[in-house]
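Okay, so here's the structure we're looking at.
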Number of protein chains: 2
Amino acid sequence: MAEAHWETLLRISEEYHDLNGSAFQVLHTPPSALEFSRLVHISRPVLIKEFHVPAHSAWTNEYLIHQMGDRNVSVAVTPNGRADAIAADEQGKLYFVEPHVQQMTMAELLSKLSSSWVRPSEASGEAFYLQSQNGNMYTGNELEPGNEACPSEFEPLRKDVPSEIDWCCEAMGKHPDAVNLWIGDSKSTTSIHSDPYENIYTVIRGAKHFTLLPPTDGCFMEERSYSHATYARDSPSSPLTILPSPNPTPPVRWSSISDPHLPNNLPSVAHPIHITVEAGEALYLPAGWWHHVRQSGDITIALNWWYDIEMRGMTWVWLSFLRGIGDEVPAANWQEDDNDAET
Amino acid sequence: MAEAHWETLLRISEEYHDLNGSAFQVLHTPPSALEFSRLVHISRPVLIKEFHVPAHSAWTNEYLIHQMGDRNVSVAVTPNGRADAIAADEQGKLYFVEPHVQQMTMAELLSKLSSSWVRPSEASGEAFYLQSQNGNMYTGNELEPGNEACPSEFEPLRKDVPSEIDWCCEAMGKHPDAVNLWIGDSKSTTSIHSDPYENIYTVIRGAKHFTLLPPTDGCFMEERSYSHATYARDSPSSPLTILPSPNPTPPVRWSSISDPHLPNNLPSVAHPIHITVEAGEALYLPAGWWHHVRQSGDITIALNWWYDIEMRGMTWVWLSFLRGIGDEVPAANWQEDDNDAET
């Protein structure tokens with residue numbers, strides 16, 4: 001990045017922080033549609049202390065197993081809990097690696113989830129995370145008037161999950177683009193990234209630990225271009241290994257920052273905000289905010305509603321500028337220790 | 001401006017225009033508070049076709065003269081209808097020139113206003129424009145609960161002008177910062193500039209012709225630093241001349257673009273929008289939008305409500321970046337023809 005451009009982005013990051021600080025708003029109950037419309041305009045994270053859908057009280061293990069029966073669901077499996085994240089193969093070559101996807105029943109999934117809060121680095125064995133993120137509860141298309149319902153792996157749980165959040169739909173003037181279910185444990189983390197969605201994220205069981213950075217800190221995310229790969233195994237009993245994707249799978253632009261919640265993993269000029277969302281609470285995570293997510297509790301279950309960003313006006317142009325969309329980012333091919341071998 | 005920075009701003013201007021075009025929304029009636037909150041987030045101009053306050057029907061010349069009686073009001077006087085604009089003195093030195101301010105009764109003001117739509121360049125004689133812009137109807141301070149009313153030159157007209165616009169106050173969660181009355185004729189224009197206010201602007205009599213450019217076109221406004229001056233006369237019968245302000249009056253940063261509605265006065269890459277606001281209509285003019293205003297009709301009367309911009313979040317930082325606030329702008333000292341004499 002040219003020095004002058006870097007200094008512009010650094011100044012914008014400072015100005016944003018000078019004006020807004022690192023505090024976040026806490027609401028005891030959900031906002032009205034008008035209040036939420038104002039919050040979307042301000043575009044800062046908000047923790048809502050009391051947020052309830054039927055799933056909050058209904059979803060015991062027994063209930064989930066009973067409702068889902070012998071249906072199979074798609075579960076992400078990784079050796080280390082890092083799905084959709086940067087990892088090095090045995091030679092030290094770096095990839096953006098998607099998880100292996102395994103079909104299993106709800107009973108099998110729940111039996112595989114750990115029963116204690118362990119740091120990912122201390123976790124042993126593979127990590128299982130239901131995190132399909134494809135509107136696994138509801139897709140936007142089926143919420144449009146006149147369209148038919150789409151098949152969902154979680155059909156028997158739909159009655160516990162509203163397809164709409166009234167105050168959010170009314171404020172945004174639209175239906176959600178996707179409603180997702182997440183079931184995992186403390187082995188799994190979500191690597192830092194940002195989405196072009198206004199996100200309402202509620203925890204049903206356990207707790208989620210967010211490290212958030214404003215869009216103006218995008219210049220600190222060290223986005224690089226990574227080759228694409230997937231975790232795979234040779235036979236059902238083999239360990240997972242990194243399988244590079246065949247050409248012409250395009251490379252993936254992704255942040256090179258891992259574990260931004262740990263000391264010194266972010267540059268000192270960045271402005272992280274740490275928010276824990278407990279069961280029965282919800283987070284408004286504004287579009288374009290960078291987020292890294294850890295989880296705790298025996299089994300952590302969450303739901304989120306994604307609403308498309310308002311494309312009219314300035315927000316999209318501003319977020320694109322801050323991320324340097326359209327700018328080239330350097331390729332990241334090898335772990336740092338192995339750089340010499342390459343250059 | 002450095003070439004790379006200029007290219008960044010040019011790209012942002014193009015991206016914004018590609019996404020938003022040059023159309024503007026037209027509403028037949030005022031929006032609800034929630035609808036207006038969304039419009040503020042989108043931050044594009046909106047014309048409201050039916051907007052009525054008591055002044056729309058009450059304010060004939062006779063009524064205004066009768067109500068105001070022999071009270072004096074402050075009227076801006078210029079030789080050419082260009083108050084708060086760039087002008088050259090006899091030697092060709094350029095200034096940002098504020099108008100001469102003269103006290104007169106409403107009857108005197110109305111008698112001085114022209115009775116036909118003439119182009120400013122064809123107008124003869126001095127131009128009179130009631131445009132004090134200081135909350136001449138209501139100031140924000142007096143609208144705060146518990147504060148006393150401030151004296152207004154227009155006290156007898158207040159009953160015809162609501163101090164609040166309900167849907168706007170509710171959407172913004174605040175009172176207006178200023179409510180202003182404007183009375184002028186086609187001799188007067190307002191030079192292009194932008195304000196850090198969300199603006200509701202209604203025409204009571206006549207029509208106003210806005211040339212609007214989005215904040216992303218700020219890079220085309222050729223802002224320069226101008227010495228400050230005021231129009232003054234030696235005696236009540238002398239013509240107005242430019243009186244440079246004494247040191248240490250700071251210079252004024254202002255656009256060098258005059259008459260952006262005329263062909264070729266804007267660079268071809270700029271994206272102007274032209275909106276005429278007729279009597280009984282209102283314009284939502286979003287914060288940070290550049291605007292140049294002409295007027296037509298025998299006597300043109302308008303009211304506007306200024307609401308402070310939302311300072312939380314990203315808007316202020318974005319607008320500051322687009323205007324290059326904090327960046328040095330070059331001084332503009334002499335008319336172009338006289339440049340050689342100076343350099």
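Each chain gets a letter, A, B and so on, in the order the sequences are listed, and its residues count up from 1.
Residue contact with chain A, scored on non-hydrogen atoms closer than 4.5 Å, involves the side chain of B:Ser43 exclusively. B:Pro214 does not touch chain A: none of its heavy atoms, backbone or side chain, sits under 4.5 Å away. With a 4.5 Å cut-off on non-hydrogen atoms, B:Leu19 touches chain A through its side chain but not through its backbone. Within the 4.5 angstrom heavy-atom criterion, atoms from both the backbone and the side chain of B:Glu170 approach chain A. Residue B:Thr8 touches chain A through its side chain alone, counting heavy-atom pairs closer than 4.5 Å. Looking at B:Ala33, the atoms closer than 4.5 Å to chain A (heavy atoms on both sides) sit in the backbone and in the side chain alike. For chain A, the nearby part of B:Phe321 is the side chain; its heavy atoms alone come within less than 4.5 Å. With a 4.5 Å cut-off on non-hydrogen atoms, B:Glu310 touches chain A through its side chain but not through its backbone.
Heavy atoms only, all atoms of each residue included: B:Gly313 and A:Arg44 are closest at N-CD, 4.4 Å. Across all non-hydrogen atoms, the minimal contact from A:Ala171 to B:Arg38 is O-NE, 2.9 Å. Taking all atoms of both residues into account, the shortest heavy-atom contact from A:Trp318 to B:Val317 is CH2-CG1, 4.2 Å.
Annotation for A:Glu328: atom CD does not count as buried by contact number, only 12 or fewer foreign heavy atoms lying within 6.0 Å. Within 6.0 Å of the CH2 atom in A:Trp316, the count of heavy atoms belonging to other residues, nucleotides or ligands does not exceed 12. Remark: A:Trp306 CH2 is packed, more than 12 non-hydrogen atoms of other residues, nucleotides or ligands lying under 6.0 Å away.
Interatomic distance, A:Arg312 CZ to B:Leu39 CG, rounded to the nearest 0.5 Å: 8.0 Å.
Under the ring pair (Phe, Tyr, Trp, His ring centres under 6.0 Å) criterion, the residue pairs touching residues 24-46 of chain B are A:His41-B:His41, B:Phe36-B:Trp167, B:Phe36-B:Tyr284, with sequence neighbours excluded.
Across A:Gly21, A:Ala4, A:Gly173, the residue that shares the most heavy-atom pairs under 4.5 angstrom with chain B is A:Gly173. Per-residue heavy-atom pair counts under 4.5 Å with chain B were compared for A:Thr216, A:Val40, A:Leu322, and the maximum is reached by A:Val40.
Residues meeting the salt bridge (charged side-chain N to carboxylate O under 4.0 Å, His left out) test with B:Asp327, sequence neighbours left out: A:Arg11.
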